[in-house]
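A, B, ... follow the sequence lines: proteins, then strands. Residue 1 opens every chain.
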Amino acid sequence: MNPDTQNPSPPGREAIPEEGGAAAPPAASRAIRLRVPRWLDPVFRTATAAAACLVLLLIAAMGAVLYSKGHLATTTFGLRFLWSQAWDPVKGDFGALPAIFGTVVSSAIALFIATPIALGVAIFLTEMAPPWLSKPVGLAIEMLAAVPSIIYGMWGLFVFAPFLAARVEPALQFIAGGLPLFEGAPMGIGMLPASLILAVMILPFISSVMRDVFALVPAVAKESAYGLGATTWEVVRSVVIPHTRSGVLGAIFLGLGRALGETMAVTFVIGNAHRISPSLLAPGCTIASTLANEFSEAISDLHVASLIQLGFILFLITTFILACAKLLLWRIEAQVKGR
Amino acid sequence: MARDRGLYLRRRVANGAMHVLALLSALFGLVWLFWILTVLVQKGVPAINWDFFTKLPTPPGTPGGGLANAVAGSLMITLLATLIGVPAGVLAGTYLAEFGRKNALARVARFVSDVLVSAPSIVVGVFVYAVVVMPLHGFSGFAGAVALAIIMVPVVIRTTEEILNLVPDSLREAALALGAPHWKVILSVCYRRALAGMTTGILLAVARVSGETAPLLFTALNSPFWSPSLAKPVATLNVTLFNYAMSPYDDWRNLAWGAALLITLGVLFATILARVVVGRIRI
């Protein structure tokens with residue numbers, strides 16, 4: 001605590017208006033600046049601290065409100081809600097399993113596709129491309145993250161889906177033969193298209209975090225390896241990646257957190273069917289797409305409560321995954337700073 | 001000797017192959033960006049004309065019409081969200097950078113805002129539905145603005161803190177040594193020095209929420225008319241785009257492409273501008 005704030009101000013302090021600082025003539029300004037009120041210090045500090053607390057309050061309120069407003073679904077269905085496949089607004093029977101299944105499967109496939117490519121992009125940008133190339137390419141890749149989700153959705157529905165239906169999906173069926181994974185009519189709408197678009201959307205997030213953690217590797221470590229005659233790839237494989245393992249994992253978790261909650265793009269192309277199908281070409285749904293599609297049209301209290309309960313489940317999953325991502329990234333920062 | 005040469009060759013080949021793969025990954029990313037942007041320009045440009053900005057939407061089947069109400073609604077809601085979200089975010093970011101560099105509150109707040117930055121926006125929509133729409137018994141533009149503000153806050157917090165951290169401590173110490181109180185140092189020295197960076201952060205946050213649709217779906221809802229009151233449902237470009245793109249009418253889909261082009265150009269322009277400014281900042 002500043003001692004000045006406890007003591008009464010010397011006479012004359014309040015005589016000059018505090019706001020006068022900017023408008024006062026230059027000759028007086030030095031005297032005025034010394035007379036800025038000190039009691040504002042604790043006020044300002046408290047205001048900023050309150051704003052910081054607001055964030056904590058926000059996440060706590062989100063959890064509490066979503067849980068309590070979805071409570072009707074819990075009391076009606078109990079834990080059965082989690083593994084029931086029913087979704088019948090007319091009869092009032094709801095289950096979360098198809099939505100959870102769709103969320104997890106689409107994100108997992110997206111991650112499976114996006115991770116190696118993001119790793120390639122990050123290696124290209126940090127270790128291979130000269131600065132004149134890596135800057136614009138890096139910016140362009142980040143633009144992929146700036147394109148709004150709904151644009152991916154619209155493009156996916158009107159451009160990418162017909163392309164998939166005409167070219168890619170028949171080819172997959174031809175190659176994979178009678179596997180149940182690729183059964184059904186190739187429509188371009190379903191789990192696979194949603195996963196592919198998700199992969200493109202999370203690619204820039206994963207690669208930019210990977211690029212940042214790769215930049216944390218001390219140049220000396222890399223140069224010593226080069227000095228021993230290692231090739232670029234050997235440096236990446238034996239120095240850069242082992243050095244940044246938790247950061248790379250953090251980047252993957254971050255991408256996973258993004259993919260799980262991605263809404264608009266998925267809503268356009270996943271087909272929105274509440275059923276679990278072994279085929280990747282069949283329509284499905286995710287938690288987020290179900291919310292986007294049905295929330296504003298849900299009428300019965302139970303339907304709304306079930307949707308909010310779905311939102312609560314999504315909130316829990318993504319918060320957990322994102323917290324893991326953050327912890328992993330903190331660990332690597334601490335490692336670098338501790339050196 | 002021959003074995004050595006084989007090893008050498010294998011290492012060269014592995015290195016070359018990895019170079020090619022890395023290059024292909026980068027190209028892979030660029031191809032999508034190029035593809036999406038080309039389609040947007042091809043389909044969006046014909047849809048944008050004077051009517052787009054001045055006329056109300058027409059019923060399906062009637063040609064013409066525009067999205068004037070949605071453009072206005074988007075601007076209104078984004079402005080209100082900025083007015084709510086930016087002060088809160090700047091204050092909290094100031095706490096993290098100036099007062100709570102190492103204390104527990106700051107550490108937890110930093111962690112939580114990092115989690116919230118990537119949190120699904122649709123969950124924010126559901127939350128605002130529960131705390132604003134349900135108690136007020138109706139969808140409203142105000143609820144949409146609150147939802148967007150909640151998404152903005154963590155973005156503004158993180159950029160504000162990062163930029164303020166770039167202000168050298170020697171400046172703060174010099175001002176404090178001259179007898180200035182802490183709040184005065186922050187307002188007149190730190191903020192002034194960090195102004196360009198903080199503006200950039202706000203710009204990025206605005207760009208981020210301008211592309212958001214999910215949190216508006218069941219807060220601001222939609223409306224085919226002018227919406228002068230934020231207490232009623234308000235049309236926004238994003239939600240209109242969603243409804244029109246999902247509709248079976250060609251006129252509406254054309255308008256949706258126009259809206260898509262407009263939103264994307266706006267967001268990309270703001271993002272690139274922010275990047276360029278950040279690149280120039282010397283603190």
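Taken to the nearest 0.5 Å, the CH2 atom of B:Trp32 stands 7.5 Å off from the CD1 atom of A:Ile197. Rounding to the nearest 0.5 angstrom, the gap separating the NZ atom in A:Lys69 from the CE atom in B:Met134 is 4.5 Å. Taken from CD1 in A:Ile150 to CG in B:Asn238, the straight-line distance is 6.0 Å, to the nearest 0.5 Å.
Residue A:Val147 touches chain B through both its backbone and its side chain, counting heavy-atom pairs closer than 4.5 Å. Interface residue A:Met264: only side-chain heavy atoms are found under 4.5 Å from chain B. With a 4.5 angstrom heavy-atom cutoff, A:Val304 touches chain B only via side-chain atoms. Contact annotation for B:Val124: both backbone and side-chain heavy atoms come within less than 4.5 Å of a heavy atom of chain A. Heavy-atom distances place no part of A:Ser68 under 4.5 Å from chain B, backbone and side chain included. In this structure, chain B has a heavy atom under 4.5 Å from the side chain of A:Leu66, while its backbone stays farther away. Contact of B:Arg12 with chain A is not made at all, since no heavy-atom distance falls under 4.5 Å. Interface remark: A:Thr231 contributes backbone and side-chain atoms alike to the contact with chain B (heavy atom separation under 4.5 Å). Both the backbone and the side chain of B:Val108 come within contact range of chain A, judged by heavy atoms closer than 4.5 Å. A:Phe320 does not touch chain B: none of its heavy atoms, backbone or side chain, sits under 4.5 Å away. Only the side chain of B:Val267 comes within less than 4.5 Å of a heavy atom in chain A; its backbone stays farther off. At a 4.5 Å heavy-atom cutoff, A:Glu262 makes no contact with chain B through either its backbone or its side chain. Proximity to chain A is absent for every atom of B:Leu204, based on heavy atoms less than 4.5 angstrom apart. Contact annotation for B:Val117: both backbone and side-chain heavy atoms come within less than 4.5 Å of a heavy atom of chain A. The contact between A:Ile117 and chain B is made by backbone and side chain atoms together, counting heavy-atom distances below 4.5 Å. B:Ala256 touches chain A through backbone and side chain together, each having a heavy atom under 4.5 Å away. Only the side chain of A:Tyr152 comes within less than 4.5 Å of a heavy atom of chain B; its backbone N, CA, C and O stay farther away. Only the side chain of B:Ile186 comes within contact range of chain A, judged by heavy atoms closer than 4.5 Å. Residue A:Leu329 does not touch chain B at all, counting heavy-atom pairs closer than 4.5 Å. For A:Thr232, the parts lying near chain B are the backbone and the side chain together; criterion is any non-hydrogen pair under 4.5 Å. Using a 4.5 Å cut-off between heavy atoms, B:Tyr129 contacts chain A through its side chain alone, with no backbone atom that close. For B:Leu116, the part lying near chain A is the side chain, with the backbone staying farther off; criterion is any non-hydrogen pair under 4.5 Å. If you measure heavy-atom distances from B:Leu24 to chain A, you find no contacts under 4.5 Å at all. Of the atoms belonging to B:Leu37, not a single heavy atom falls under 4.5 Å from chain A.
Counting heavy atoms from C-beta on, the side chains of B:Trp35 and A:Val159 come closer than 4.5 Å. Using a 4.5 Å heavy-atom cutoff, the side chains of A:Ser149 and B:Thr213 are not in contact. Looking only at side-chain heavy atoms (C-beta outward), B:Phe111 and A:Trp330 come within less than 4.5 Å of each other. Residues A:Met143 and B:Ile272 have side chains in contact (heavy-atom distance under 4.5 Å, counting atoms from C-beta outward). Put simply, the side chain of B:Ile122 reaches to within 4.5 Å of the side chain of A:Leu314, judged on heavy atoms. Under the 4.5 Å side-chain criterion, counting only non-hydrogen atoms from C-beta, B:Leu221 is in contact with A:Ser296. Side-chain contact between B:Leu241 and A:Met154 is present, with at least one heavy-atom pair separated by less than 4.5 Å. Residues B:Phe242 and A:Thr267 form a side-chain contact, since some pair of their non-hydrogen atoms from C-beta on lies under 4.5 Å apart.
The two residues A:Ala146 and B:Leu268 have their closest heavy-atom pair at CB-CD2, 3.8 Å. Considering every non-hydrogen atom in both B:Ala88 and A:Ala51, the closest pair reads O-CB, 3.6 Å. For the pair B:Asn15 and A:Trp233, the tightest heavy-atom approach, listed with the atom from each and the gap, is OD1-N, 2.9 Å. Summarising the geometry of A:Leu144 relative to B:Gly29, their closest heavy-atom pair is CD1-O, 3.5 Å, with the distance given to 0.1 Å. Minimum interatomic distance between A:Met128 and B:Ala22 (heavy atoms only, all atoms of both residues): SD-CB, 3.7 Å. Closest approach of A:Ile141 and B:Ala26 over heavy atoms only: CD1-O, 3.9 Å.
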field: From CA spacing to verdict: side-chain contact (heavy atoms from CB on, under 4.5 Å), A:Met62, B:Val126
entry: CA-CA 9 Å; A:Met62 271 172 142; B:Val126 177; over 6 Å; no
task: Go through the steps to decide whether B:Arg275 and A:Glu142 satisfy the test side-chain contact (heavy atoms from CB on, under 4.5 Å), and finish with yes or no.
output: CA-CA 10 Å; B:Arg275 295 268 164 220; A:Glu142 278 181 27; 3.1 Å; yes
message: Using side-chain contact (heavy atoms from CB on, under 4.5 Å), reason through A:Phe44 and B:Leu187 one step at a time and then give a plain yes or no.
response: CA-CA 10 Å; A:Phe44 190 67; B:Leu187 291 187; 4.3 Å; yes
task: Walk me through it: do A:Phe268 and B:Met246 pass the test side-chain contact (heavy atoms from CB on, under 4.5 Å)?
output: CA-CA 8 Å; A:Phe268 270 96; B:Met246 288 294 206; 3.9 Å; yes
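Identified by a heavy-atom distance below 4.5 Å to chain B, the contributing residues of residues 52-61 of chain A are A:Ala52, A:Cys53, A:Leu54, A:Val55, A:Leu56, A:Leu58, A:Ile59, A:Ala61, in residue-number order. Listed in order of number, the residues of residues 133-140 of chain A that approach chain B to under 4.5 Å between heavy atoms are A:Val137, A:Leu139, A:Ala140.
Among A:Gly120, A:Ala50, A:Gly257, A:Ala288, the residue making the largest number of heavy-atom pairs under 4.5 Å with chain B is A:Gly120. The most heavy-atom pairs under 4.5 Å with chain A, out of B:Val153, B:Thr271, B:Leu96, B:Asp114, come from B:Asp114. Here B:Leu91 is the residue among B:Leu91, B:Ile263, B:Leu105, B:Thr264 with the most heavy-atom pairs under 4.5 Å with chain A. Ranked by heavy-atom pairs under 4.5 Å with chain A, the first of B:Thr94, B:Ile36, B:Leu217 is B:Ile36. Considering only heavy-atom pairs separated by less than 4.5 Å from chain A, the leading option among B:Glu98, B:Arg11, B:His182 is B:Arg11. For the set A:Ile123, A:Thr319, A:Leu203, A:Leu291, the count of heavy-atom pairs under 4.5 angstrom toward chain B peaks at A:Leu291.
Between A:Phe158 and B:Trp257, the two ring planes are tilted [angle within 30° to 60°].
Within a 6.0 Å radius of CZ in B:Arg101, other residues, nucleotides and ligands contribute more than 12 heavy atoms.
Remark: the backbone N or O of B:Pro181 is not paired with any side-chain donor or acceptor of A:Asp41 at under 3.5 angstrom.
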